[in-house]
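All ligand and atom numbering here is 1-based and tracks the order in the structure. Atoms considered below: every heavy atom in the structure, side chains included; atoms not considered: hydrogens, waters and symmetry mates. This chain uses plain numbering: 1 for the first residue, then up along the sequence.
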Amino acid sequence: MSRPRLVVLISGNGSNLQALIDAVRDGHLPAEIVLVVSNRKDAYGLIRAQTASIPTHYAPLKPYTDSGRGREAYDADLAAVVHAHQPDVIVCAGWMHVFTPVFLDAFPHRVINLHPALPGMFSGTEAIRRAFEAYQREDINMTGCMVHEVIPEVDAGAVIASMDVPIYEDDTLADLEARMHNAEHGLIVRAVRIVLEQISE
Ligand code: GRF
């Protein structure tokens, strides 16, 4: 039987992509990464994919906005590229683009996203920094990360898995970022495994 097919979407460093690549290689994730898409040309994650012999696709938004075709045309074209790779699950791992229903409706319940905050907290960008600042104000005493189904509302959608991340008094922001990324690398593998089990039932 062929293994479930993952498409991973990235915009930057790709350390979470690397966690998935390593988990597949080490037999902890019974899947195959069939395509890595980046909306940024200089994303280091593209090099990680190439090193692992995974096909890559660069999908910049700018040509669409410059020509007035807009986000829906971008989402439709990207959906066609992704669809051609017949994914079972599409994993947004540091993907900095908010999808319209044009993309999401092409893959119902199959697009998931990693977010470095707990459900309902710090949606949008700079979530780790905002949690760190909230801790300094004594508004929160810990943070966390989650993987959720993607819906048009940013960083919302049914939660697949989450993990608490402690914050300590003498933490710098860099300390918290490092602890968060470490937690994310475990969580993303666990969440993809959960989704694969759900869809095989
Ligand atoms: C992660 O913290 C993810 O939660 C956030 O962007 C970061 C991506 O890191 N949305 P990387 O590119 O996987 O290293």
Side-chain angles (χ1 to χ4, degrees), residues 6-26 28-29 31 33 35-52 54 56-61 89-99 103-104 111-135 140 142-167 171-195:
L6 308 180
V7 169
V8 183
L9 310 184
I10 61 161
S11 299
N13 178 21
S15 65
N16 287 284
L17 164 67
Q18 189 68 54
L20 293 169
I21 291 172
D22 293 349
V24 168
R25 183 200 58 209
D26 297 343
H28 301 314
L29 190 59
I33 303 171
L35 179 70
V36 170
V37 176
S38 174
N39 60 351
R40 301 213 178 122
K41 199 175 191 172
D42 59 357
Y44 182 64
L46 287 172
I47 294 177
R48 296 180 190 270
Q50 285 153 11
T51 304
I54 299 166
T56 58
H57 176 76
Y58 168 49
L61 175 64
V89 181
I90 298 156
V91 186
C92 301
W95 170 249
M96 303 295 284
H97 169 82
V98 178
F99 279 127
F103 187 91
L104 298 176
V111 187
I112 65 174
N113 178 54
L114 171 69
H115 183 60
L118 289 171
M121 307 279 291
F122 309 112
S123 61
T125 58
E126 307 252 1
I128 306 173
R129 184 183 54 73
R130 287 186 288 136
F132 182 75
E133 290 169 359
Y135 176 86
I140 58 169
M142 56 157 223
T143 184
C145 47
M146 66 162 167
V147 173
H148 62 95
E149 193 178 305
V150 179
I151 60 173
E153 189 188 336
V154 174
D155 299 324
V159 176
I160 295 152
S162 66
M163 187 183 276
D164 292 347
V165 174
I167 311 177
D171 270 351
T172 62
L173 176 57
D175 292 332
L176 180 59
E177 285 171 342
R179 194 175 306 121
M180 178 68 76
H181 294 319
N182 193 40
E184 288 185 305
H185 298 161
L187 182 73
I188 196 164
V189 173
R190 180 153 65 88
V192 171
R193 217 187 287 127
I194 291 170
V195 175

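For the atom pair CG of Leu6 and CG of Leu20, the computed distance is 7.0 Å after rounding to the nearest 0.5 Å. Interatomic distance, CG of Leu29 versus CZ of Arg190, reported as 13.0 Å (0.5 Å rounding). Here the CG-CE distance, from Leu118 to Met142, works out to 5.0 Å after rounding to the nearest 0.5 Å.
Among the atoms of Gly14, some N or O lies under 3.5 angstrom from an N or O of ligand 1. Residue contacts with ligand 1: Ser15 is placed with a nitrogen or oxygen under 3.5 Å of a nitrogen or oxygen of the ligand (distance criterion only).
Those atoms of ligand 1 with a heavy atom of Leu114 less than 4.0 angstrom away are 4 (O), 10 (N). In the vicinity of Asn13, heavy-atom distances shorter than 4.0 Å reach the ligand 1 atoms 12 (O), 14 (O).
With a 4.0 Å cut-off on non-hydrogen atoms, His181 touches ligand 1 through its side chain and not its backbone.
Between Ile140 and Ile167 there is a side-chain heavy-atom pair separated by less than 4.5 Å.
Applying the side-chain hydrogen bond (donor to acceptor under 3.5 Å, both in side chains) rule to Gln18 yields the partners Asp22, Arg48; only residues at least two apart in sequence or on another chain are considered. Scored by the side-chain hydrogen bond (donor to acceptor under 3.5 Å, both in side chains) test, Glu126 finds Arg129 as partners (sequence neighbours excluded).
Among Ala19, Gly94, Ala127, the residue whose heavy atom lies nearest to atom 8 (C) of ligand 1 is Gly94.
For atom 1 (C) of ligand 1, the closest heavy atom belonging to the protein is Glu184 OE1, 3.3 Å. Considering only non-hydrogen protein atoms, atom 13 (O) of ligand 1 sits nearest to Asn16 ND2, 2.7 Å.
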